[in-house]
Amino acid sequence: MATAIFYGSSTGNTESAAKQIFKKLGGDGVLDIFDIASVKVEKISEYEKLIIGTSTWGDGDLQDDWDSVFEKFKNIDFSNKTVAIFGLGDQEEYPDEFVGGMWTLYEAAKAKGAKIIGEWPIEGYNHDSSKAQDGEHFIGLALDEDNQSNMTDERIDTWCEQIRSEILN
Ligand SMILES: Cc1cc2nc3c(=O)[nH]c(=O)nc-3n(C[C@H](O)[C@H](O)[C@H](O)COP(=O)(O)O)c2cc1C
């Protein structure tokens with residue numbers, strides 16, 4: 001298998017999104033899926049194509065399980081790897097730090113040579129600012145189960161179609 005999803009989730013929202021993305025892209029036999037809390041972070045090195053998901057905690061910070069392995073994550077060689085990122089956040093409670101966690105993973109993977117795909121338009125969100133925003137786009141798919149759960153299915157479907165040809169072999 002060349003593609004895997006790695007996610008970190010504290011209350012289950014990122015986990016649900018990860019499982020939805022997994023199913024949408026073909027599920028068992030097509031790609032693998034791992035909770036970063038239950039696998040060695042070095043496992044990432046075994047895949048050429050990666051989908052990485054995190055929620056945001058604290059004030060724009062990485063989800064705890066990702067945070068615990070972040071020093072090792074930063075040392076992974078991402079050259080020749082294609083990475084798509086998704087992030088869960090709450091744009092109403094944290095309008096200045098919306099989905100900041102995904103930026104932390106993005107920066108680290110990019111610094112180690114990753115080809116990042118899957119940017120997502122900021123249209124339809126009410127946040128004020130986000131580290132994960134680059135101009136009119138987020139650097140990955142932004143999901144908000146706290147305020148816009150009714151939009152999650154459609155966002156995931158659209159994003160999966162957008163990345164499908166590049167993230168699957
Ligand atoms: C204490 C706390 C801090 C949070 N901080 C942020 C934040 O800085 N930015 C953001 O976008 N969301 C923030 N959130 C919202 C979570 O990221 C959001 O609820 C997410 O869906 C949780 O996903 P998970 O269950 O996969 O961990 C915070 C939530 C809590 C309870």
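First listed ligand is number 1; within each ligand, the first listed atom is number 1.
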Applying salt bridge (Lys or Arg N to Asp or Glu O under 4.0 Å), which residue pairs with at least one partner in residues 94-107 are found, sequence neighbours left out? none
Between the side chains of Q63 and S55, is a donor N or O closer than 3.5 angstrom to an acceptor N or O? no
Going by salt bridge (Lys or Arg N to Asp or Glu O under 4.0 Å), name the pairs with one or both residues in residues 143-169, residues two or more places apart or in two chains. K24-D157, K115-E166, E161-R164
In the structure I gave you, are the side-chain heavy atoms of Y7 and E15 within less than 4.5 Å of one another anywhere? yes
K74: partners by side chain to side chain donor-acceptor pair (under 3.5 Å), with sequence neighbours left out: E71
With a 3.5 Å cut-off and no angle check, do the side chains of Y94 and W57 form a donor-acceptor pair? no
Sub-4.0 Å heavy-atom environment of ligand 1, residues by chain: S9, S10, T11, G12, N13, T14, S55, T56, W57, G58, D59, G60, L88, G89, D90, Y94, E97, F98, V99, D146
